[in-house]
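A quick write-up on the structure given underneath.
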Amino acid sequence: MTIKVASSWDEYYQARAMQTQHLPIGDFFAAGCVPSSSHLADVDFVAMDFETTGLSPSNDDIVSIGLVPFTLRGIALAKAQHWLLKPQVPLDHESVIVHGITHNEIGNAPDLQDIYAEVLQVIQSKIVVVHYRSIEREFLDQALQLRLGEGVRFPVIDTMELEALINPPPAPCWWRFWQTNNRVSLRLMDSRERYHLPRYQQHHALTDALATAELFQAQVAWHYQPDNAISTLWC
């Protein structure tokens with residue numbers, strides 16, 4: 001479907017609420033976007049993490065979703081949610097090695113189309129926080145377009161991007177050895193170590209969502225102010 005180009009997320013949400021063909025998507029956009037001037041301390045966030053069959057939103061699919069609601073003041077673990085899904089493309093050997101989800105585990109799992117309304121309800125009127133937005137935002141949009149003929153777009157805070165801004169690469173140096181050994185890893189668990197956060201088991205969508213929420217809280221505590229506008233960090 002053709003979407004009107006909007007100059008702001010608020011305008012985009014208003015346009016999509018009027019154009020959508022599916023009620024859960026319409027409800028999501030009709031609820032509105034967090035105002036761009038909102039202070040970080042006043043915003044409700046949801047950390048989101050996916051495990052997928054591969055790295056291409058156009059050719060791969062979602063295998064599991066983890067969502068963890070939080071604010072700068074605390075994490076609502078009791079409201080965290082996790083789904084295993086049956087993807088529309090086969091699991092390949094390499095992806096199974098990464099996330100450990102097998103064919104047996106997804107044999108009776110629902111399709112994304114069966115649970116997407118619940119996912120949208122959890123993130124509705126909140127700001128989604130991810131570690132590398134090209135996975136979660138792009139995969140959800142593409143997967144819904146495949147199933148429904150329309151996807152969803154929303155502002156996100158990308159903790160990987162924030163970490164890259166906080167730790168820019170070193171200035172060019174003639175010594176290749178020095179360059180190689182002074183590159184900062186932006187991986188989720190390596191980023192957490194810089195804030196003395198515990199190391200969790202990786203590649204479980206719920207655990208990685210929790211890890212992302214904690215990382216963002218630490219990034220704000222160390223490098224930003226609670227009264228910074230949300231628009232200074234979202235993308």
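Fair warning: this is a prediction, and the values are worked out from it, not measured in the lab.
- D158 places a side-chain N or O within 3.5 Å of a backbone atom of R133 that can act as its donor or acceptor partner.
- Using modelled atom types, no side-chain atom of D42 and backbone atom of S38 make a donor-acceptor pair closer than 3.5 Å.
- The closest side-chain heavy-atom distance from M48 to V129 is not below 4.5 Å.
- Applying the ring-ring contact (aromatic ring centres under 6.0 Å, His included) test to F28 and every residue at least two apart in sequence or in another chain returns Y13.
- In this structure, L165 is not a member of the same hydrophobic cluster as V184, with clusters built from ILVMFWY side-chain heavy atoms closer than 4.5 Å.
- Side-chain contact check for D61 versus F139: every heavy-atom pair is 4.5 Å or farther apart.
- R16 contributes no side-chain N or O that, together with a main-chain N or O of G26, makes up a donor-acceptor pair within less than 3.5 Å.
- Side-chain N or O atoms of Q219 include none that pairs as donor or acceptor with a backbone N or O of L162 at under 3.5 Å.
- Checked against a 6.0 Å centroid threshold, the rings of Y12 and F154 do not count as neighbours.
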Could you walk me through whether I62 and L85 satisfy the side chain to side chain contact (heavy atoms under 4.5 Å, CB included) test, starting with their C-alpha distance in whole Å, then the side-chain angles of each, then the deciding distance to 0.1 Å, before giving a yes or no? CA-CA 7 Å; I62 303 168; L85 302 175; 3.9 Å; yes

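- With 3.5 Å as the limit, one finds a donor-acceptor pair spanning the side chains of S191 and R194.
- A donor-acceptor distance shorter than 3.5 angstrom exists from the side chain of T232 to the backbone of A229, with no hydrogens or angles considered.
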For I127 and I230, run side chain to side chain contact (heavy atoms under 4.5 Å, CB included): C-alpha distance rounded to whole Å, both residues' side-chain angles, the deciding distance at 0.1 Å, then the answer. CA-CA 9 Å; I127 293 298; I230 189 70; 4.1 Å; yes

Only pairs under 3.5 Å count here: list side-chain donor-acceptor contacts from residues 220-227, not counting sequence neighbours, and write none if there are none.
{"residue": "H223", "atom": "NE2", "partner": "Y195", "partner atom": "OH", "Å": "3.3"}

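- D114 has no carboxylate O lying under 4.0 Å from a charged side-chain N of R147, or vice versa, which leaves the two without a salt bridge.
- The side-chain heavy atoms of W234 and S36, taken from C-beta on, include a pair separated by under 4.5 Å.
- A donor-acceptor pair under 3.5 Å is formed between the side chain of D141 and the backbone N or O of V152.
- Rounded to the nearest 0.5 angstrom, L210 CG and L67 CG are separated by 12.5 Å.
- E118 meets the salt bridge (charged side-chain N to carboxylate O under 4.0 Å, His left out) test with no other residue; sequence neighbours excluded.
- A 4.5 Å side-chain heavy-atom check between T212 and Y132 finds every atom pair outside the cut-off.
- When all heavy atoms of A205 and G66 are compared, the closest pair comes out as CB-N, 3.4 Å.
- In this structure, CE on M160 lies 8.0 Å from OG on S185, to the nearest 0.5 angstrom.
- In this structure, CD1 on I65 lies 10.0 Å from CG on L84, to the nearest 0.5 angstrom.
- A salt bridge between E193 and R199 is present, with a side-chain N of the basic residue lying under 4.0 Å from a carboxylate O of the acidic one.
- At a cut-off of 3.5 Å, with distance as the only test, no side-chain donor of D208 or Q202 sits close to an acceptor on the other residue.
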Kindly determine whether E138 and R153 satisfy salt bridge (Lys or Arg N to Asp or Glu O under 4.0 Å), including the steps that lead there. CA-CA 8 Å; E138 301 306 321; R153 305 288 292 180; 3.0 Å; yes

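- Residues F70 and D44 form no side-chain contact, since every pair of their non-hydrogen atoms from C-beta on lies 4.5 Å or further apart.
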Working for side chain to side chain contact (heavy atoms under 4.5 Å, CB included), residues V128 and I157: CA-CA 6 Å; V128 173; I157 292 177; over 6 Å; no

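- W83 and V89 fall into different hydrophobic clusters, where Ile, Leu, Val, Met, Phe, Trp and Tyr side chains are chained together by heavy-atom contacts under 4.5 Å.
- Here T20 contributes atom OG1 and I25 contributes atom CD1; the two are 4.5 Å apart, rounded to the nearest 0.5 Å.
- Distance alone, capped at 3.5 Å, is enough to place a donor-acceptor pair between the S56 side chain and the N59 backbone.
- Looking at heavy atoms from C-beta onward, E214 lies in side-chain contact with I75 at the 4.5 angstrom threshold.
- Between D111 atom CG and Q88 atom CD the span is 5.0 Å, to the nearest 0.5 Å.
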Chi angles and distances behind the side chain to side chain contact (heavy atoms under 4.5 Å, CB included) call for D49, V130: CA-CA 7 Å; D49 188 84; V130 299; over 6 Å; no

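- Distance alone, capped at 3.5 Å, is enough to place a donor-acceptor pair between the H131 side chain and the L186 backbone.
- Side-chain contact between V156 and C235: present, with at least one pair of heavy atoms (C-beta onward) separated by less than 4.5 Å.
- Of all heavy-atom pairs spanning L55 and D60, the tightest one is N-OD2, 3.2 Å.
- The side-chain heavy atoms of L146 and Q142, taken from C-beta on, include no pair separated by under 4.5 Å.
- We find the NE2-CG distance between H203 and L188 to be 9.0 Å, quoted to the nearest 0.5 Å.
- Looking at every heavy atom in both residues, T71 comes nearest to F45 through CA-CD1, 4.1 Å.
- Judged purely by atom type and a 3.5 angstrom limit, E150 uses its side chain to pair as donor or acceptor with the backbone of H22.
- Of all non-hydrogen atoms in Q81 and L206, the two that sit nearest each other are O-CD1, 3.6 Å.
- Smallest separation of non-hydrogen atoms from I115 and P110: CG2-CG, 4.1 Å.
- Within the cation-pi definition used here (under 6.0 Å to the ring centroid, within 45° of the axis), R192 qualifies as a partner of Y200.
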